[in-house]
S.K.: 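Pasting a structure below so you can have a look.
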Amino acid sequence: NAGVTQTPKFQVLKTGQSMTLQCAQDMNHEYMSWYRQDPGMGLRLIHYSVGAGITDQGEVPNGYNVSRSTTEDFPLRLLSAAPSQTSVYFCASSSGTGYATEAFFGQGTRLTVV
Amino acid sequence: AQSVSQHNHHVILSEAASLELGCNYSYGGTVNLFWYVQYPGQHLQLLLKYFSGDPLVKGIKGFEAEFIKSKFSFNLRKPSVQWSDTAEYFCAVGPFGNEKLTFGTGTRLTIIP
């Protein structure tokens, strides 16, 4: 199984550009989430989804949009990139079918905004 | 709002030393507790997890953690570390489905051969 796949692995954007970070999972998980990882701050939740057509904001949603049209895919859109969005982005999925179910993470996307 | 505190930001140990990494949490409701590990250049992987039952939880690679409800703590331990344990360790709490985990700031562990 591929698990959680993120593309691209690396990206450099200019301020004001837009882009979409892709995330796909092949485990038929209902729950998917996006986190950003910054030095000294751990991982912070951007947006999450509990199923196709259902999304909600996390701790740091400003500047990001998401949609969930299928169970498998959960893209993250940066509408107008800013240097403050330079970070490593991780997508995660979990089945949500029981207590303490494991969240599986993708390999991450390292984004630099110049 | 939930929060997770990891007080050790960077720990340096020699091989075979014992390890304990602290984790304290604040969470309103039923708690799912996790330790994740991130090896250099890799994604996060689950080390161990706790929801209920025996408060001493055993995970992969010889790691264990103890849930102490009265102290709101979930400390990670390993009796004898190896060079390959060099990584960053994150404590996290989450709701039932884990669609929204709250992470601590992480502890960077460096093992000296």
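Here is the naming used below: chain letters follow the sequence lines, and residue numbers restart at 1 for every chain.
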S.K.: What residue in B:Val4, B:Leu44, B:Thr102 has the most heavy-atom pairs under 4.5 Å with chain A?
M.R.: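 Highest number of heavy-atom pairs under 4.5 Å: B:Leu44.
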S.K.: Kindly indicate whether the side chain of A:Ser93, heavy atoms from C-beta on, has any atom under 4.5 Å from the side chain of A:Phe74.
M.R.: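 When only atoms from C-beta onward are counted, A:Phe74 and A:Ser93 do not touch, as no gap falls below 4.5 Å.
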S.K.: Quick check: under 4.5 Å, non-hydrogen atoms only, which of residues 59-83 of chain B neighbour chain A?
M.R.: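 Against chain A, none of the residues of residues 59-83 of chain B fall inside the cut-off of heavy atoms under 4.5 Å.
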S.K.: Tell me, please, which residues at least two apart from A:Gln107 pass side-chain contact (heavy atoms from CB on, under 4.5 Å).
M.R.: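 Listed in chain order: B:His43.
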S.K.: At a 4.5 Å cut-off on heavy atoms, which part of B:Gln38 comes close to chain A: side chain, backbone, both, or neither?
M.R.: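 Side chain of B:Gln38 only, per the 4.5 Å heavy-atom cut-off to chain A.
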S.K.: Is there side-chain contact between A:Ser18 and A:Leu79, with at least one heavy-atom pair below 4.5 Å?
M.R.: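 Side chain of A:Ser18 against side chain of A:Leu79, heavy atoms only: no contact under 4.5 Å found.
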S.K.: Would you kindly say whether B:Asn24 and B:Ser5 are connected by a side-chain donor-acceptor distance under 3.5 Å?
M.R.: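 B:Asn24 vs B:Ser5: no donor-acceptor pair found between side chains.
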S.K.: Among A:Arg110, A:Met41, A:Gln37, who wins on heavy-atom pairs under 4.5 Å with chain B?
M.R.: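 When all of A:Arg110, A:Met41, A:Gln37 are compared, A:Gln37 has the most.
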S.K.: Between chain B and each of A:Gly106, A:Ala92, A:Gly58, count heavy-atom pairs under 4.5 Å; write down the option with the most.
M.R.: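 Sorted descending by pairs with chain B, the first entry is A:Gly106.
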S.K.: Is A:Gln6 close to chain B through its backbone or its side chain, or both, or neither, when contacts mean heavy atoms under 4.5 Å?
M.R.: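 For A:Gln6, neither part sits under 4.5 Å from chain B.
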S.K.: Going by side-chain contact (heavy atoms from CB on, under 4.5 Å), A:Ile46 matches just one of A:Tyr35, A:Tyr64, A:Phe90. Which one?
M.R.: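 Result: among A:Tyr35, A:Tyr64, A:Phe90, A:Tyr64 is the only option passing the side-chain contact (heavy atoms from CB on, under 4.5 Å) with A:Ile46.
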S.K.: Who are the side-chain contact (heavy atoms from CB on, under 4.5 Å) partners of B:Ser3, not counting sequence neighbours?
M.R.: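 By the side-chain contact (heavy atoms from CB on, under 4.5 Å) rule, B:Ser3 matches B:Ser26.
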S.K.: Answer with yes or no whether the hydrophobic clustering places B:Tyr89 together with B:Ile112; edges join I, L, V, M, F, W, Y residues whose side-chain heavy atoms lie under 4.5 Å apart.
M.R.: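 No, because B:Tyr89 and B:Ile112 fall into different hydrophobic clusters, even though each may have its own neighbours under 4.5 Å.
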S.K.: Hey, can you pull the donor-acceptor pairs under 3.5 Å for the side chains in residues 46-57 of chain B, sequence neighbours left out?
M.R.:
| residue | atom | partner | partner atom | Å |
| --- | --- | --- | --- | --- |
| B:Lys49 | NZ | A:Ala100 | O | 3.0 |
| B:Tyr50 | OH | B:Gly53 | O | 3.3 |
| B:Asp54 | OD1 | B:Leu56 | N | 2.9 |

